[in-house]
Number of protein chains: 2
Amino acid sequence: MGARRGEDVEVVTAPGRLPGNDEPAVRERARAIPEAAVARLAVYLRVLSGLAEQDVTTISSEELSAAAGVNSAKLRKDLSYIGSYGTRGVGYEVEVLVDQIERILGLTRKHSVCVVGIGNLGHALANYAGFPGRGFPVSALFDVDDDLIGVPVGGILVSHVDDIPRVCAEREVSIGVIATPPPAAQGVCDRLVSAGVQCILNFAPVVLQVPDHVEVRKVDLAVEMQILSFHVARRADEAANADESGMVVPG
Amino acid sequence: MGARRGEDVEVVTAPGRLPGNDEPAVRERARAIPEAAVARLAVYLRVLSGLAEQDVTTISSEELSAAAGVNSAKLRKDLSYIGSYGTRGVGYEVEVLVDQIERILGLTRKHSVCVVGIGNLGHALANYAGFPGRGFPVSALFDVDDDLIGVPVGGILVSHVDDIPRVCAEREVSIGVIATPPPAAQGVCDRLVSAGVQCILNFAPVVLQVPDHVEVRKVDLAVEMQILSFHVARRADEAANADESGMVVPG
DNA sequence: CCGACTTTGTGCACACGTTCACAAGCGCTA
DNA sequence: TAGCGCTTGTGAACGTGTGCACAAAGTCGG
């Protein structure tokens, strides 16, 4: 176990009978998993699911880490956050890992998703979102365009954004996906928040302001492109640099 | 942020007096900017562009950081990576910052982009990609479906994936966007790489294997959803925990 | 039953990124 | 020109995440 702050170290033998402290530490553990590790666990899960379908029953950290594109030590540390489910000298049982990762990621429950903004991207998401992580049924779609209201997209009828509070409550939406034009995003976000949605995936290129208890993740195409652009530029500069400094091309 | 390959280690602190190291440090600096800072610079740039359009000429780190949703010290440090363009006691000139960030991000050149896989998502990207970061013209589209070849999407004719090498070379594509089904992604990736594309934005939920000199960023919807799911689960557990431990609801 | 071999789980050290806190620097006013 | 108040730029402390290397713990063959 990694040394945390002085506080939650005594989890070992659970000394003092403090109220609410006798929990199996599984829940405490969940809080301690680094976000980066969570992201990787999701990747491992996908790889493992693929292996399970190919009837692979056991895999070593070395093999799995190669398939997931990470260092094997990191993989083992990531897995250690969720418990000790490997067998030394052997490896991990694929099925066990799948189950445990799904448990930690909360994939044993279904998470109802809504998509707001049924443009090009929203369309794609409505058709796409339910399928890859099989625990995310899209259960509501919203737009402002009157021509779209009531139209079925991917099997779901589009509702008006004004109905977000009612529809989200009815269908117990827990994750909201924003795919609106930038100016509309904050307004939509506010409505989702007041509808009780606690997690938001934002595709609109704006910085959303939300209360502390709401989790926002953003997917920003422009930013991704610009990061790549930065690398292109860096490479070009390096090449120019190497050139100037009289580097000889081998061969 | 999110998971990247464990590779990007060679970004380390510029070591000692190696030959060709005496450059004006602008280029050296570029190498030293942390990836996380680059991502934020792109966000600042967008905010700043918005401000410029509203004829704001000057802004303090405090204001800008609030608009970008970060801490002001972090913002100043991020900006310090690209140089000292602020005036103490006053703030930053919006236009200067815009220019400098664009320079660092390599946005002064146009980066030709191709999209592979013209399904729902590819469609959305073809229409979307050029516009938000104004320096990214989509100049080629590819698919395997014969019915799509030659069809114009967002003003560009779709070519066959087999023509990737030729078309990418002709149109000087520097960034490849993969929006194919998972099984096709690695093959497409290989073709892009052999066509000389050095940066890839991958929307397919697979771990791509590429040579070291190729930069890959991935956007993985399923992973994002699962991270949110994790947070939903964590919250639920916390609530349950608080409940069990006999917490009294105030009021 | 033992010893050799394999692979996990993790303590430790290091690197990276974030935050704090303050000196340095600039403009404004008198 | 000197003094004051404001904001930048950054050294240094801190916390988090990564990677190494090895002990612990299991399997397997003899």
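Just so we're on the same page: letters track the sequence lines, and every chain starts at 1.
Pairs of residues two or more places apart, or lying in two chains, never qualify as salt bridge (Lys or Arg N to Asp or Glu O under 4.0 Å) while including a residue from residues 82-94 of chain B. Residue pairs satisfying the side-chain hydrogen bond (donor to acceptor under 3.5 Å, both in side chains) criterion with at least one member in residues 180-189 of chain B, sequence neighbours excluded, are listed as follows: B:Q186-B:D190.
With rounding to whole Å, A:D78 atom CG is found 11 Å from D:dG17 atom P. Distance B:R40 CZ to C:dT19 P: 8 Å, rounded to the nearest Å. The OH-P distance, from B:Y81 to C:dC16, rounds to 11 Å in whole Å. A straight line from CG of B:N71 to P of C:dA21 spans 12 Å, rounded to a whole angstrom. For the pair A:L97 CG and C:dT8 P, the interatomic distance rounds to 10 Å; values are reported in whole Å. Taking atom CD of residue B:E35 and atom P of nucleotide D:dT16, one finds them 22 Å apart after rounding to whole Å.
Scored by the side chain to side chain donor-acceptor pair (under 3.5 Å) test, A:E35 finds A:R217, B:H231 as partners (sequence neighbours excluded). Partners of A:D78 under the side chain to side chain donor-acceptor pair (under 3.5 Å) rule, at least two apart in sequence or in another chain, are A:R40, A:Y44. B:S229 pairs by the side chain to side chain donor-acceptor pair (under 3.5 Å) definition with A:H111, not counting sequence neighbours.
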Mind listing the N/O atom pairs, protein and nucleotides 7-11 of chain D, below 3.5 Å?
from   : atom 1 : to    : atom 2 : distance (Å)
D:dT7  : O4'    : B:G89 : N      : 2.9
D:dT7  : O2     : B:G89 : N      : 3.3
D:dT8  : OP1    : B:S61 : N      : 2.5
D:dT8  : OP2    : B:S61 : OG     : 2.5
D:dT8  : O2     : B:R88 : NH1    : 3.1
D:dG9  : OP1    : B:Y85 : N      : 3.4
D:dG9  : OP1    : B:G86 : N      : 2.9
D:dG9  : OP2    : B:Y92 : OH     : 2.6
D:dG9  : O4'    : B:R88 : NH2    : 3.0
D:dG9  : N7     : B:R76 : NE     : 2.8
D:dG9  : O6     : B:R76 : NH2    : 3.1
D:dG11 : O6     : B:K77 : NZ     : 3.4

I would like to know whether B:Q198 and B:E215 meet side-chain contact (heavy atoms from CB on, under 4.5 Å); could you show each step before the answer? CA-CA 6 Å; B:Q198 297 229 327; B:E215 183 78 23; over 6 Å; no
